[in-house]
Amino acid sequence: MRAIARPIRILPPELRDQIAAGEVVERPASVLKELLENSLDAGADDLLIHLEDGGQTLISVQDNGRGIGGEELELAVTRHATSKIHSLPELLRVSSYGFRGEALSSVASVSSLRVTSAVAGQEAAFIELLHGRILARGPAALRGGTLVEVRDLFANVPARLKFLKSNATELKRSQDILWRLALASLPAGFVLSSGGRELGRLLPNESLPERLARIWPSQVCAALRPLQGEKDGIRVSGLLSLPSSTQPRADRLWFYVNGRPAADRLLLKVCREAYKGRILSREYPQALLFLELDPEEVDVNVHPAKSEVRFRDERAVFGAVLRAMESALGRESVAVPEYFPPLHVSSSAGPGYSAPEAAPRELTARPPGFWGQADKDPLSVSLRAPRPERSVPDDFWTAENLREEPAAFSIAPVEPLGARDMPQDAESRPDFPSASGLAYLGQIAGTYLALMRDEQLILLDQHAVHERILARRLERDAGRNEARLLALPLELPLHRAEAERLQELWAELSGLGFSLSSPRPDLLLVKAAPSLLPAGEAREFLREALAGKKEEGEGLSPLLTLMACRGAIKAGQRLDRAEALNLIRQWLETEDRDYCPHGRPAALLLGRRELEKMFKRKT
């Protein structure tokens, strides 16, 4: 950067406002966040949100809160003017979402802003601003509460518009902000609309599982279990996924500190530690984690958008959260409690429904009915497994070994194994290939294939082996996957989140061999599926893909890896000798065969030394 040789001057007010707006107003979602927080701080329990063009053209939030008096409207759009704190001690124990007093002023400086509000027993009033300048003010017609309308965001800052994504992406980010706030504000009801249609309705006074079931797909919610714990004055509660339910991204790890949504690296680190040894390194669980502690022990004033926090005693927080999570993950239960009952959404409730008057908001207490069935113990399953110490070396098998007795095998296309692919004389062969010294011993526990060579025992995981075979085939035949017409089309009811995901994946799913149609937003029809997926597996594959459970694999499309996983032979599936021999033969012809696409070992080698150590013959 070049040196600046200019005198020091005080910035003009317009430039100061735009710099401040840049810290608070990044995109439509950040504007919506500030408006929703103001409504919730005002005690609103009925909020109507409307967006146009992803929020760039219009962001409208109407609530039934306490309202703003006409004489205070100009102060409300002035920087550093607030009713939420008046002293340093209040700042140190802040119990509201907002407290800086700059949100409306910052929004007004980069948009056309109109605020209409009414306090009970007083006449409603409005104020209108354009790029920070007051255009008009006066009486208005409004029954109660506040209506804020933000139009033409960043119209006076064209450079900022270049950083916005598509309308669909910006709308999704706004939805995420709304859902996160709504999960911490269960007494309140929310209605979101855009483009003349309703996108979501959250009813007031729902329990946490009921509300979450309207936001996350049912497959994800079904794997969640509650956790609760308290240590050193730090209360931890929330919902936690079983180790068997993971995804390749951390976008469903939602953290709340004293009721405030927060992105915190410490809490993410605790989650990784709690699941260590239970999930793969590239997988993430799903969790809603609520922390409640003394407000003086946490600093919420470290980020202009109030999206980050800092703990005074990070060690205590880490220990309390880790203890609660490990307790939930390590506890066993015979009965699985039903935390997510079937969801029935009434379409008769209109935008003007009346909810009970909300008490002043208390961030450090959970509202009644928060858990729904909080008296039941959390359930979790521990899937700790010993890590293999050795895998089969790259040069263990050579091409020469594989070709010494070609008559022992028939090399079939890499596809789900069937009797038609098996060599007819394989049952009569005691070993294969006998000249190489490699012998097939049999199947163990319906999952592992045992082989022997000289003084070494080799164990293959049949699911991992077949996954690797199918993954390589899918990678090789990308875009040319065979499709199979279904006798009866599969019907898949769609959750709102699944319908959104379907639009993102439509082209990729079609390329994999699916023939899809969607006669209405909440229904998907599948007329054809990839040939390697039976109808039942095709259904489960689509469910997992639409729920966001995409499997990561090195160099592979996540959907290809997920398809290979779904199409592969399962653990516990019995194979006769001919099927096992054919599977092994195909695997030996596959590149990078020692690991499955997820990175788990497909083969383990136990030599004489390892066996002697296991039997304690040698140390």
*Is any NZ, NE, NH1 or NH2 atom of the basic residue among Arg609 and Glu612 found under 4.0 Å from an Asp or Glu carboxylate oxygen of the other?*
no

*Any side-chain heavy atom of Glu544 sitting closer than 4.5 Å to one from Arg566?*
yes

*Kindly indicate, with the supporting measurements, whether the criterion side chain to side chain contact (heavy atoms under 4.5 Å, CB included) is fulfilled by Leu606 and Met614.*
CA-CA 10 Å; Leu606 295 175; Met614 293 170 66; 4.3 Å; yes

*asked:* With rounding to the nearest 0.5 angstrom, report the CD to CG distance, Gln175 to Leu199.
replied: 5.5 Å

*Nearest non-hydrogen partners of Thr246 and Pro243, listed with the distance*: CG2-O, 3.3 Å

_Steps toward side chain to side chain contact (heavy atoms under 4.5 Å, CB included) verdict (Trp179, Arg211)_ = CA-CA 9 Å; Trp179 303 148; Arg211 178 153 291 184; over 6 Å; no

*Using atom types as modelled and distance alone, determine if a side-chain donor or acceptor of Ser241 lies under 3.5 Å from a backbone N or O of Gln286.*
yes

*Who are the side chain to side chain donor-acceptor pair (under 3.5 Å) partners of Arg496, not counting sequence neighbours?*
Glu500

*Minimum heavy-atom distance between Arg593 and Leu588, given as atom pair plus value*: NH1-O, 3.3 Å

*Side chain to side chain, Tyr448 and Leu604, heavy atoms closer than 4.5 Å*: no

_Counting C-beta onward and ignoring hydrogens, is there a side-chain heavy-atom pair between Val236 and Lys231 closer than 4.5 Å?_
no

*Where is the tightest heavy-atom contact between Pro601 and Ala464, given as atom of each residue plus distance?*
O-CB, 4.1 Å

*Less than 4.5 Å apart, any side-chain heavy atom of Gln247 and any of Glu283?*
no

*Is Lys165 paired with Glu170 through a side-chain N to carboxylate O contact shorter than 4.0 Å?*
no

*Will you find, in the side chains of Glu498 and Gln219, an N or O donor that is under 3.5 Å from an N or O acceptor?*
no

*Do Lys527 and Leu516 come within less than 4.5 Å of each other through their side chains, counting heavy atoms only?*
no

*Check whether any side-chain heavy atom of Arg252 lies under 4.5 Å from a side-chain heavy atom of Val220, and answer yes or no.*
yes

*Any Lys/Arg nitrogen of Asp176 or Arg180 sitting under 4.0 Å from an Asp/Glu carboxylate oxygen of the other?*
no

_Rounded distance (nearest 0.5 Å) linking atom CG of Leu486 with atom CZ of Arg539_ = 10.0 Å

_Does this structure show an ion pair linking Arg585 with Glu589, if we count only N-O contacts that are shorter than 4.0 Å?_
yes

_My understanding is that only residues two or more places apart in sequence, or in another chain, count here; which of them pass side chain to side chain donor-acceptor pair (under 3.5 Å) with Glu491?_
none

*Closest heavy-atom contact between Thr561 and Pro597?*
CG2-CB, 3.6 Å

*Side-chain heavy atoms of Leu505 within contact of Leu559, under 4.5 Å*: yes

*For Thr169, does its backbone N or O pair with a side-chain atom of Ser166 as donor and acceptor, under 3.5 Å?*
yes

*Run the numbers on Lys613 and Glu610 for salt bridge (Lys or Arg N to Asp or Glu O under 4.0 Å), then give the verdict.*
CA-CA 5 Å; Lys613 289 174 64 176; Glu610 286 78 15; over 6 Å; no

*Can you name the one residue among Leu288, Leu240, Leu242, Leu212 that meets side-chain contact (heavy atoms from CB on, under 4.5 Å) with Leu224?*
Leu212

*State, to 0.1 Å, how close His463 and Ile569 come at their nearest heavy-atom pair, and which atoms those are.*
ND1-O, 2.7 Å

_From Leu322 atom CG to Ser327 atom OG, the distance as rounded to the nearest 0.5 Å_ = 11.0 Å

_Just to verify, what does Arg484 make a side chain to side chain donor-acceptor pair (under 3.5 Å) with, not counting sequence neighbours?_
none

*Got a donor-acceptor contact below 3.5 angstrom from the Ser518 side chain to the Leu523 backbone?*
yes

*Could I get the full list of salt bridge (Lys or Arg N to Asp or Glu O under 4.0 Å) partners for Arg520, not counting sequence neighbours?*
Asp522

_Residues in side-chain contact (heavy atoms from CB on, under 4.5 Å) contact with Tyr284, at least two apart in sequence or another chain_ = Ala250, Leu253, Arg272

*asked:* Going by side-chain contact (heavy atoms from CB on, under 4.5 Å), Glu579 matches just one of Asn582, Asp576, Leu583. Which one?
replied: Asp576

_I'd like to know whether NZ of Lys570 has more than 12 heavy-atom contacts from other residues, nucleotides or ligands below 6.0 angstrom._
yes

*Is it true that Arg323 and Glu326 make a salt bridge, defined as a side-chain N closer than 4.0 Å to a carboxylate O?*
no

*Rounded to the nearest 0.5 Å, what's the gap from CG on Leu525 to CG on Leu490? Could you check?*
9.0 Å

*Atom CZ of Phe318 with >12 non-hydrogen neighbours under 6.0 angstrom*: yes

*Kindly compute the distance separating CE (Met563) from CG (Leu542), expressed to the nearest 0.5 Å.*
8.0 Å

_Considering only residues two or more places apart or on different chains, which pairs with a residue in residues 513-544 satisfy ring pair (Phe, Tyr, Trp, His ring centres under 6.0 Å)?_
Phe514-Phe541

*Out of curiosity, Leu449 CG to Leu441 CG, how far, rounded to the nearest 0.5 Å?*
10.5 Å

*Carefully, step by step, assess Phe190 and Leu178 under the rule side chain to side chain contact (heavy atoms under 4.5 Å, CB included).*
CA-CA 9 Å; Phe190 301 82; Leu178 171 58; 3.5 Å; yes

_Leu329 vs Leu227, side chain to side chain contact (heavy atoms under 4.5 Å, CB included): CA-CA, chis, key distance, verdict_ = CA-CA 9 Å; Leu329 290 173; Leu227 82 155; over 6 Å; no

*Taking all heavy atoms of Leu575 and all of Gln443, pick out the closest pair and write down the distance.*
N-OE1, 3.2 Å

*Is there a side-chain contact between Trp254 and Phe290, using heavy atoms and a 4.5 Å cut-off?*
no

_Pairing donors with acceptors under 3.5 angstrom, does anything connect the side chains of Thr447 and Gln462?_
no

